[in-house]
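This report concerns only the one structure given below.
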Amino acid sequence: MNIPETFLYDENSRIVCHSIRGKMSVKTALTGVENALEFVRRVVKKYGRFNLLLDVKEYIFEDIEAHKVWSLGFKENELLKKYVIKTAVVGEDSLKLRTEKEMMETDQLSFFTGIDEAADWLSL
């Protein structure tokens, strides 16, 4: 089981990275979201608002329910809605990523294939 990691990527830019790898079951997704939100609570206490880097390059959701648990755990969370300044999503160069970028990109949400490029954008 590969539990997603959440860590402070860059203290100066207040970038929190949530990285998922491997196969994600509902249980793994739930644990990953819970751990991420606990980490975010500590970051908010220390820094206030922050930038979020989602590194989703190498993962597979076991089923649609696992994907739903993970995505809604972030999308619907009030703490994240209130404290996230910008979000960068890093994924494999694919039709899916390019389509999401074209349809969903805003001033607060952007899509990248490289983690350094994403971190640079979040640091602006």
Side-chain angles (χ1 to χ4, degrees):
M1 174 168 58
N2 293 314
I3 296 176
E5 285 185 275
T6 306
F7 56 93
L8 194 59
Y9 180 84
D10 182 352
E11 186 173 5
N12 292 332
S13 300
R14 297 180 318 223
I15 297 173
V16 171
C17 180
H18 180 73
S19 178
I20 60 175
R21 299 280 185 265
K23 194 171 189 176
M24 296 271 293
S25 66
V26 169
K27 182 179 178 183
T28 305
L30 199 58
T31 301
V33 169
E34 288 171 355
N35 290 349
L37 295 177
E38 180 56 39
F39 184 82
V40 163
R41 283 184 201 85
R42 292 192 307 269
V43 167
V44 166
K45 276 186 174 181
K46 186 171 183 178
Y47 300 102
R49 298 187 77 207
F50 64 95
N51 293 301
L52 181 61
L53 195 160
L54 297 175
D55 180 3
V56 295
K57 274 193 144 184
E58 303 169 21
Y59 74 97
I60 299 170
F61 286 106
E62 198 170 84
D63 54 31
I64 193 71
E65 191 61 30
H67 183 268
K68 184 178 176 183
V69 164
W70 182 82
S71 62
L72 290 179
F74 282 92
K75 186 177 181 180
E76 301 299 320
N77 185 274
E78 292 302 319
L79 185 69
L80 295 176
K81 287 179 186 179
K82 184 175 180 180
Y83 286 98
V84 171
I85 301 166
K86 294 191 295 189
T87 301
V89 178
V90 178
E92 294 294 332
D93 187 15
S94 65
L95 178 60
K96 180 183 178 207
L97 183 75
R98 289 188 301 273
T99 301
E100 288 178 341
K101 180 179 178 78
E102 185 177 309
M103 296 179 73
M104 297 170 54
E105 196 161 73
T106 67
D107 291 342
Q108 287 80 37
L109 173 66
S110 195
F111 296 81
F112 302 90
T113 56
I115 201 160
D116 291 336
E117 182 185 14
D120 288 346
W121 178 77
L122 289 171
S123 298
L124 297 177

Cluster check Trp121, Leu97: I/L/V/M/F/W/Y, side chain < 4.5 angstrom: no
Main-chain N/O of Glu92 paired to Lys57 side chain as donor or acceptor, under 3.5 Å: no
Donor-acceptor contact below 3.5 Å, side chain Ser13 vs main chain Ile15: no
Heavy atoms of other groups near Lys82 NZ, more than 12 under 6.0 Å: no
Ion pair check, Lys86 and Asp107, cut-off under 4.0 Å: no
Donor-acceptor pair, side chain of Asn51 and main chain of Leu122, under 3.5 angstrom: yes
Ile20 with Ile60, same ILVMFWY side-chain cluster at under 4.5 Å: no
Test item: Arg14 side-chain N/O and Asp10 main-chain N/O as donor-acceptor pair under 3.5 Å: no
In one Ile/Leu/Val/Met/Phe/Trp/Tyr side-chain cluster, 4.5 Å: Leu53, Phe39: no
Euclidean distance, Thr28 OG1 relative to Glu62 CD, rounded to 0.5 Å: 7.5 Å
Distance-only donor-acceptor check, side chains Ser110 and Glu105, under 3.5 Å: yes
Plane angle bin for Tyr59 and Phe61 - parallel if under 30°, tilted between 30 and 60°, otherwise perpendicular: perpendicular
Heavy atoms from other residues, nucleotides or ligands near CD of Glu38 exceed 12 (cutoff 6.0 Å): yes
